[in-house]
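Following: one structure in structure tokens, then a few remarks.
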2 protein chains.
Amino acid sequence: MPRRVTIVDVARRAGVSISSVSSALNDRPGVSEETRKRIVATANELGFVPSLRGRSLSGRRAFAVGLVVHRDPDVLELDPFFGGFIGGIEECIDARAYALVLQISASSDGALDRYRRLAADRRVDGVFLNELEVDDPRVGLVEELGLPAVGVNAEAGFPLPAVRQSHDEGIRALVAHLVELGHRRIAYVRGRSEFIHSVRREAAWRDAVTSTGLVPGPVVSGDFTYAGGLSAASALMGLHDRPTAVCCANDLSAMGFIAQAQHMGFDVPGDISVAGFDGIQLGTYVRPSMTTVQTSPRRIGFEAAKMLLSVIDGETEPDVRIPPAELLVRESTGPAPAEI
Amino acid sequence: MPRRVTIVDVARRAGVSISSVSSALNDRPGVSEETRKRIVATANELGFVPSLRGRSLSGRRAFAVGLVVHRDPDVLELDPFFGGFIGGIEECIDARAYALVLQISASSDGALDRYRRLAADRRVDGVFLNELEVDDPRVGLVEELGLPAVGVNAEAGFPLPAVRQSHDEGIRALVAHLVELGHRRIAYVRGRSEFIHSVRREAAWRDAVTSTGLVPGPVVSGDFTYAGGLSAASALMGLHDRPTAVCCANDLSAMGFIAQAQHMGFDVPGDISVAGFDGIQLGTYVRPSMTTVQTSPRRIGFEAAKMLLSVIDGETEPDVRIPPAELLVRESTGPAPAEI
DNA sequence: TTGAAAGCGCTACCAT
DNA sequence: ATGGTAGCGCTTTCAA
């Protein structure tokens with residue numbers, strides 16, 4: 001293993017001082033164009049790659065950002081959201097030679113410790129705050145730690161810079177679509193109410209239904225899971241005045257709902273229209289293919305990363321809005337049954 | 001933002017030299033028990049957290065390991081495997097204060113560049129080589145880069161240390177299970193043949209079938225995807241001598257297969273028994289619940305991380321074998337139909 | 001047992 | 001425009 005080429009080697013070879021090399025390579029003023037060229041050439045010739053560690057220690061930067069995923073150890077299959085989200089982050093930070101440090105915290109309280117350690121070790125220059133909860137303790141924590149952070153799909157009044165994709169328009173369009181199909185009893189399968197995006201989606205559904213003059217149908221919990229969707233269907237489809245359409249908080253629970261409804265002998269969408277939320281790949285292929293509201297995890301990741309890097313650079317960033325999630329009509333929604 | 005507490009502060013406060021502090025805090029010999037205690041106490045009192053950057057620069061360690069996930073940008077929903085795998089890695093490395101750097105490389109050739117950058121930046125001390133392909137170029141690359149690496153589910157003769165979970169026993173048990181149920185025409189839905197685990201599973205299936213004295217049934221591609229499973233079912237179930245049972249390379253394609261078979265009017269498992277591979281959560285809930293061979297991503301991640309840390313420490317590690325993947329009989333497999 | 005000091009590789013400031 | 005040099009915070013010899 002040959003010794004690493006350092007800035008000293010470049011300086012010596014180019015016949016200049018290391019400070020000139022540093023300035024030249026970082027596009028800082030104070031070097032003549034001529035010397036800069038020579039230095040760059042020498043650096044290339046020698047295959048010089050500045051040491052991240054040296055830069056980190058000196059420049060007080062980790063050149064990395066952190067994402068803490070809060071998942072139960074038992075349910076450690078990552079949400080479909082994360083693939084795109086992380087892909088978007090990467091797409092952005094890679095161009096600036098940053099890296100992503102991923103942490104998975106099994107226990108709920110453990111998550112906060114991860115942020116503390118990340119900060120104590122100065123392992124990252126900033127973090128993403130996603131899957132925000134109501135009164136999320138992380139907000140206070142990052143402030144206390146002095147850790148730059150950006151929120152993802154935060155509620156209004158969120159004290160930190162945040163990127164948001166509105167769900168309201170998509171949900172409104174979905175409800176309008178259902179109403180147009182003749183549905184009058186539209187139920188909702190909610191997610192876990194500690195998450196603000198869960199609360200927000202439900203509120204959007206309620207508003208949308210109400211604003212068409214209808215009374216919101218029954219609401220049951222679906223827990224964002226397939227199993228939750230199954231039991232939600234059992235509950236709703238057993239009702240006396242059962243709904244003719246149902247909006248689910250995410251695609252996974254919608255898939256469970258459809259499976260259980262079919263199992264109970266109902267036709268989808270003949271007897272019951274079911275819509276999901278997220279726009280996961282699978283929804284394209286299942287039968288019936290799933291009507292959903294498609295979000296943009298990749299775009300969100302990209303913008304959040306861009307924002308985080310700016311915040312790290314000390315800029316005060318205005319919030320960013322991603323174009324709203326859009327309704328995707330497929331086969332799981334159809335005309336309301338004539339009678340019931 | 002108060003200035004960070006450094007080793008100098010601790011040394012001064014404890015009335016010793018910084019080298020003594022370093023030795024004491026790292027459990028190195030050369031400090032009396034008495035001084036060590038005093039130093040530890042002072043460090044705690046001051047809330048001293050050693051700077052990762054200082055340690056990195058001096059100790060030539062990044063205290064991080066890397067995982068490059070190779071995914072198409074369009075299919076950026078992470079494989080269910082990764083959740084558990086990453087969880088296992090974390091569980092292991094967290095105890096040693098290492099962190100995981102995750103990269104997602106959109107393009108195929110880009111993946112190799114990620115390893116190069118990771119190595120050039122000395123951003124990580126080692127990497128995981130997973131989803132190994134036949135003649136995988138990464139093997140030569142990490143050797144050339146001098147980057148410590150461990151393989152995950154590598155083939156025999158793999159030149160680097162590797163952790164493996166045998167699939168053969170599970171697949172053999174699965175085939176035995178099907179044969180016992182009276183199946184004689186057992187087909188296979190393969191994954192993408194560039195992956196060695198894909199090749200390996202198919203070979204295991206073939207061996208298992210052959211060793212029971214039967215002739216292996218038809219093999220079609222399922223691409224590891226739900227959509228692939230759909231088309232595999234179209235192909236196989238349209239055959240004149242169609243199989244009565246089918247083993248799929250993974251759960252996702254099995255789900256697609258089941259959906260399409262049902263759509264074509266076949267009963268699962270009445271007309272066709274379908275088995276998956278992986279043991280993803282969803283398989284528990286779908287109808288019929290899925291017979292599968294359950295792997296241990298978390299355990300694999302844990303052992304791979306443990307091995308990688310050892311390799312980084314310069315130890316020569318023997319390969320590790322995880323207990324074999326086990327057959328999980330559920331509802332998607334049943335007695336072979338009497339006639340056809 | 002203890003401590004001084006030399007790195008590690010860079011950035012940034014201050015002379016020249 | 002250039003170069004010298006003092007950090008950054010730690011580990012690791014090597015003397016004392």
Side-chain angles (χ1 to χ4, degrees), chain A residues 1-40 42-43 46-64 97 119-123 125 313-314, chain B residues 1-40 42-43 46-64 97 119-123 125 313-314:
Chain A
M1 191 66 59
R3 198 181 55 77
R4 188 186 175 86
V5 178
T6 75
I7 196 173
V8 179
D9 302 317
V10 178
R12 191 151 34 205
R13 179 65 159 268
V16 295
S17 73
I18 61 166
S19 42
S20 296
V21 175
S22 178
S23 292
L25 262 29
N26 289 293
D27 284 315
R28 262 173 317 200
V31 244
S32 70
E33 199 45 47
E34 191 189 359
T35 16
R36 180 186 306 275
K37 267 192 197 136
R38 186 156 42 91
I39 290 174
V40 170
T42 325
L46 263 41
F48 170 63
V49 181
S51 153
L52 199 66
R53 294 173 195 168
R55 294 212 302 154
S56 275
L57 184 56
S58 170
R60 307 148 169 296
R61 284 277 186 104
F63 301 101
D121 288 349
R122 298 269 207 281
R123 196 181 279 276
D125 298 323
D313 285 340
Chain B
M1 191 65 57
R3 198 181 55 76
R4 190 186 175 87
V5 177
T6 77
I7 196 173
V8 179
D9 301 318
V10 178
R12 192 152 33 204
R13 178 64 159 268
V16 295
S17 73
I18 62 166
S19 44
S20 295
V21 175
S22 178
S23 293
L25 262 29
N26 290 294
D27 283 316
R28 263 173 315 198
V31 246
S32 70
E33 199 44 48
E34 191 189 0
T35 358
R36 181 186 306 276
K37 267 193 196 135
R38 185 155 42 93
I39 290 174
V40 170
T42 319
L46 262 41
F48 171 63
V49 181
S51 153
L52 199 66
R53 294 173 194 170
R55 293 212 303 155
S56 274
L57 183 57
S58 170
R60 306 148 170 296
R61 284 277 187 102
F63 301 100
D121 288 350
R122 298 269 207 282
R123 167 105 52 190
D125 298 323
D313 285 342

(request) Look only at the side chain of Arg4(B) and the backbone of Val49(B), and say whether a donor-acceptor pair between them is shorter than 3.5 Å. (result) yes

(message) At less than 4.0 Å, is any side-chain N or O atom of Ser56(B) found next to OP1 or OP2 of dC8(C)? Yes or no.
(response) no

(request) Go through Leu46(A) and Arg13(A) one step at a time and tell me if the side-chain contact (heavy atoms from CB on, under 4.5 Å) criterion holds. (result) CA-CA 9 Å; Leu46(A) 263 41; Arg13(A) 179 65 159 268; 3.4 Å; yes

(request) Check whether any side-chain nitrogen or oxygen of Ser58(B) sits under 4.0 Å from OP1 or OP2 of dG9(D), and answer yes or no. (result) no

(request) Could you tell me the separation between the CZ atom of Arg28(A) and the P atom of dA1(D), rounded to a whole number of Å? (result) 14 Å

(message) Would Arg53(B) and Arg53(A) count as a side-chain contact (heavy atoms from CB on, under 4.5 Å) here? Give the steps.
(response) CA-CA 6 Å; Arg53(B) 294 173 194 170; Arg53(A) 294 173 195 168; over 6 Å; no

(request) Applying ring pair (Phe, Tyr, Trp, His ring centres under 6.0 Å), name anything that partners Phe63(B), two or more places apart in sequence or on another chain. (result) Tyr98(B)

(request) Take the protein atom CZ of Arg53(A) and the nucleotide atom C1' of dC10(C), then report the distance between them rounded to whole Å. (result) 13 Å

(request) Answer yes or no: does a side-chain N or O of Arg60(A) lie under 4.0 Å from OP1 or OP2 of dA12(C)? (result) no

(request) Could you tell me whether the side chains of Ser19(B) and Ser22(B) share a donor-acceptor contact shorter than 3.5 Å? (result) no

(request) Map Ile18(B) and Gly54(B) onto DNA chain C by nearest heavy atom, then report which one ends up closer to the 5' terminus. (result) Ile18(B)

(request) Could you pick out which residue, Ser22(B) or Pro29(A), lies toward the 5' side of DNA chain D when each is mapped onto its nearest nucleotide? (result) Pro29(A)

(message) Heavy-atom nearest nucleotide on DNA chain C for Gly59(B) versus Ser17(B): which residue maps closer to 5'?
(response) Ser17(B)

(message) How many whole angstroms separate atom CZ of Arg55(B) from atom C1' of dT12(D)?
(response) 14 Å

(message) Between C1' on dC8(D) and CG on Asp9(B), what's the gap in Å once rounded to a whole number?
(response) 13 Å

(request) Answer yes or no: does a side-chain N or O of Ser19(B) lie under 4.0 Å from OP1 or OP2 of dA4(C)? (result) no

(message) Counting only side-chain heavy atoms from C-beta out, which of dT11(D), dT11(C), dT2(C) sits nearest to Ser20(B)?
(response) dT2(C)

(request) State, to the nearest 10°, the angle formed by the axis through the first five base pairs of the helix from dT1(C)-dA16(D) to dT16(C)-dA1(D) and the axis through its last five. (result) 50°

(request) Could you tell me which non-hydrogen atom of Arg123(A) sits nearest to which non-hydrogen atom of Ala97(B), and how far apart they are? (result) NH2-O, 2.8 Å

(message) Whole angstroms only, please: what is the CZ-P distance between Arg4(B) and dC8(D)?
(response) 13 Å

(request) To the nearest Å, give me how far apart CZ (Arg123(B)) and C1' (dG9(C)) are. (result) 16 Å

(message) It should be established whether Ser51(B) places a side-chain nitrogen or oxygen under 4.0 Å from OP1 or OP2 of nucleotide dC8(D).
(response) no

(message) Please report the distance, rounded to the nearest Å, between CG in Leu25(B) and P in dT11(D).
(response) 8 Å

(message) Without decimals, in angstroms, what is the distance between Ile7(A) CD1 and dG4(D) P?
(response) 13 Å

(message) For dT2(D) and Ser23(A) - does any side-chain N or O of the residue sit under 4.0 Å from the phosphate oxygens OP1/OP2?
(response) no

(message) Quick one: does any side-chain atom of Asp125(A) pair with a main-chain N or O of Arg61(A) as donor and acceptor, under 3.5 Å?
(response) no

(message) Under 3.5 Å, is there a donor on one side chain and an acceptor on the other for Ser23(A) and Ser20(A)?
(response) no

